[in-house]
Amino acid sequence: MIDEAMTTARSEFLRVVAERGYMHQCTDLEALDKRLTQGPAAAYIGFDCTAESLHVGGLMQIMLLRWWQKTGNKPIVLMGGGTTRIGDPTGKDEARKMLDDAAIAKNMAGIKKVFTKYLSFGDGATDAQMVNNADWLDQLNYIAFLRDYGKHFTINRMLTFDSVKMRLEREQPLTFLEFNYMILQGYDFAELWNRHKCVLQMGGSDQWGNIVNGVELGRRVHQAELYGLTSPLLTTSSGAKMGKTVGGAVWLNADMLSPWEFWQYWRNTEDADVGRFLKLYTELPLDEIARLEALQGAEINEAKKVLANEVTRLCHGEAAASEAAETARKAFEEGALADNLPTVSIPAADLAAGIAAFALFVKAGLSTSNGEARRLLQQGGGRVNDIQVTDPASVIGQDALKDGVIKLSAGKKRLALVKPE
């Protein structure tokens, strides 16, 4: 078993990923461990450019690259300028929306911003590199590519991969375009070996089949000793998908989600997840994490604040983390308003006419539907200017404005300000 093998690992990287919970599968653990004791090695993770930012769901992969570099190795960030045109079918019931080159370039520029916070880029042996698979995929001669590489992939085996089986079992169409994705991902690995002597591909466990394809292709075409390592796919203890909230995705770029809202996401972590998230998303020593996750009752909230501070510091910087923590302290402990709380504008005419409390909570992003907002209020979880409102039909008007805004609270942890425009 992987956990047992890791107790004897000689390489620092493999000890870290085992101790902190990043490890799920590895193609040849002993051989990879041996390779990592022989000097710096290059590893990559690919990121397709489907939005202008990555979200929290991709943060574990970013942390893997960070630990790879911190333990003396070279991380390669592969931007999927080419593969984004096709779309990875893994985990999808339908084809991804096709993006044009301008949209892909815009998304790539946004995604690049986050990596400078986590990795050190340069030309040194352990400095990070960012490459774009469009550099080689755009140059492919299709007939020559099929002749040289297509012969190494069998339809029989490709049909066994989860990304394909799921679509077929659910009778959802899988285009030939998408079917090619796993071949191109395998080719990426072989090309990165050729260009940068990259020996390891990492990714989420849903990428296992694609990663193994690349390992085998590199061996057959280049006689290269390549390796694959996956991390577990995470959900919260309650089963929620990482990176999703009532208000939408938890983006890593500050222009798409404020540092305050990002901080709040981590502050609202479920009790049972605190220790696990401290290991995965911070660099705190394991003994300090053990102390924090052992806290009981109300004291666990202090551990959640540490988690929020540490993750926000890595993603947005020390100043943003401190400001978010202070905003929370003022808003929740002193009941004060703060300038950087999430603020939603509504037409002044709507407020002048009066708006039902449940509708206001939906407009503020504190509920996803009218029904959810009504339940929140009926169960005593909603407050307007710190006063509990239990009647969903209560009319909120201009008289509720205080210093030009209305403060809404959903439960004890989520706030929003509403202002007329």
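Since the structure is predicted, the reported quantities are computational estimates derived from the model, not experimental observations.
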Using a strict threshold of under 4.0 Å (side-chain N to carboxylate O), is an ion pair present between [Y] and [X]?
X	Y	answer
Glu302	Lys305	yes
Glu191	Arg195	yes
Glu12	Arg15	no

Please name the pair of heavy atoms, one in [X] and one in [Y], separated by the smallest distance, quoted to 0.1 Å.
X	Y	answer
Leu295	Glu299	CD1-O, 3.4 Å
Thr390	Pro392	O-CD, 3.3 Å
Leu408	Ala364	CD1-CB, 3.7 Å
Ser205	His24	CB-CD2, 3.4 Å
Ala43	Met202	CB-CE, 4.1 Å
Glu421	Ser345	OE1-CB, 3.4 Å

Are any of the side-chain heavy atoms of [X] and [Y] separated by less than 4.5 Å?
X	Y	answer
Glu310	Leu284	yes
Leu14	Leu229	yes
Trp266	Val56	yes
Leu65	Tyr44	no
Lys279	Tyr22	no
Arg291	Glu288	yes
Ser11	Thr71	no
Arg267	Asn301	yes

Counting only N and O atoms by type, is there a donor-acceptor contact under 3.5 Å from the side chain of [X] to the main-chain atoms of [Y]?
X	Y	value
Lys117	Arg313	no
His55	Gly57	yes
Gln69	Ser120	yes
Arg10	Leu36	no
Asn107	Ser53	no
Gln25	Met23	no
Asp48	Thr50	no
Thr230	Trp208	no
Tyr227	Thr27	no
Lys407	Leu417	no

Check against side chain to side chain contact (heavy atoms under 4.5 Å, CB included), Asp271 and Lys304: CA-CA 8 Å; Asp271 292 2; Lys304 293 181 183 181; 2.5 Å; yes

Straight-line distance of [X] [atom1] to [Y] [atom2], nearest 0.5 Å:
X	Y	atom1	atom2	value
Leu192	Leu200	CG	CG	11.5 Å
Arg20	Arg276	CZ	CZ	14.5 Å
Leu376	Arg383	CG	CZ	11.0 Å
Ile289	Thr282	CD1	OG1	4.5 Å
Leu78	Gln201	CG	CD	8.5 Å
Phe13	Leu32	CZ	CG	8.0 Å

Result of checking Lys113, Lys106, Lys112 against Glu52 for salt bridge (Lys or Arg N to Asp or Glu O under 4.0 Å): Lys106

Residue from Asn370, Ile396, Val384 passing side-chain contact (heavy atoms from CB on, under 4.5 Å) with Phe361: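 Of the listed residues Asn370, Ile396, Val384, the side-chain contact (heavy atoms from CB on, under 4.5 Å) partner of Phe361 is Val384.
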
Evaluation steps, side chain to side chain contact (heavy atoms under 4.5 Å, CB included), between Ile76 and Val131: CA-CA 7 Å; Ile76 296 176; Val131 297; 3.8 Å; yes

Member of Asn210, Thr83, Asn213 meeting the side chain to side chain donor-acceptor pair (under 3.5 Å) criterion with Gln185: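 With Gln185 as partner, side chain to side chain donor-acceptor pair (under 3.5 Å) holds for just one option, Asn210.
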
CA sep, side-chain torsions, deciding dist, call: Leu234, Leu280, side chain to side chain contact (heavy atoms under 4.5 Å, CB included): CA-CA 11 Å; Leu234 279 192; Leu280 294 172; 3.3 Å; yes

Atom NZ of Lys34: over 12 foreign heavy atoms under 6.0 Å: no

Less than 3.5 Å apart, any donor N or O on the side chain of [X] or [Y] sitting next to an acceptor on the other?
X	Y	value
Asp188	Trp136	yes
Gln61	Ser231	yes
Glu261	Ser258	yes

Cation-pi, Trp68 ring and Lys70 (6.0 angstrom, 45 degrees):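 No cation-pi geometry.
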
Cationic tip of Arg374 above Phe358 ring, under 6.0 Å, 45° of axis: yes

Plane angle bin for Phe277 and Tyr281 - parallel if under 30°, tilted between 30 and 60°, otherwise perpendicular: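 Taking Phe277 first and then Tyr281, their aromatic rings stand perpendicular (interplane angle over 60°).
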
Partners passing ring-ring contact (aromatic ring centres under 6.0 Å, His included) against Phe115 (at least two apart in sequence or in another chain): Phe47

Side chain to side chain contact (heavy atoms under 4.5 Å, CB included) evaluation trace for Val311 with Phe262: CA-CA 9 Å; Val311 181; Phe262 184 80; 3.8 Å; yes

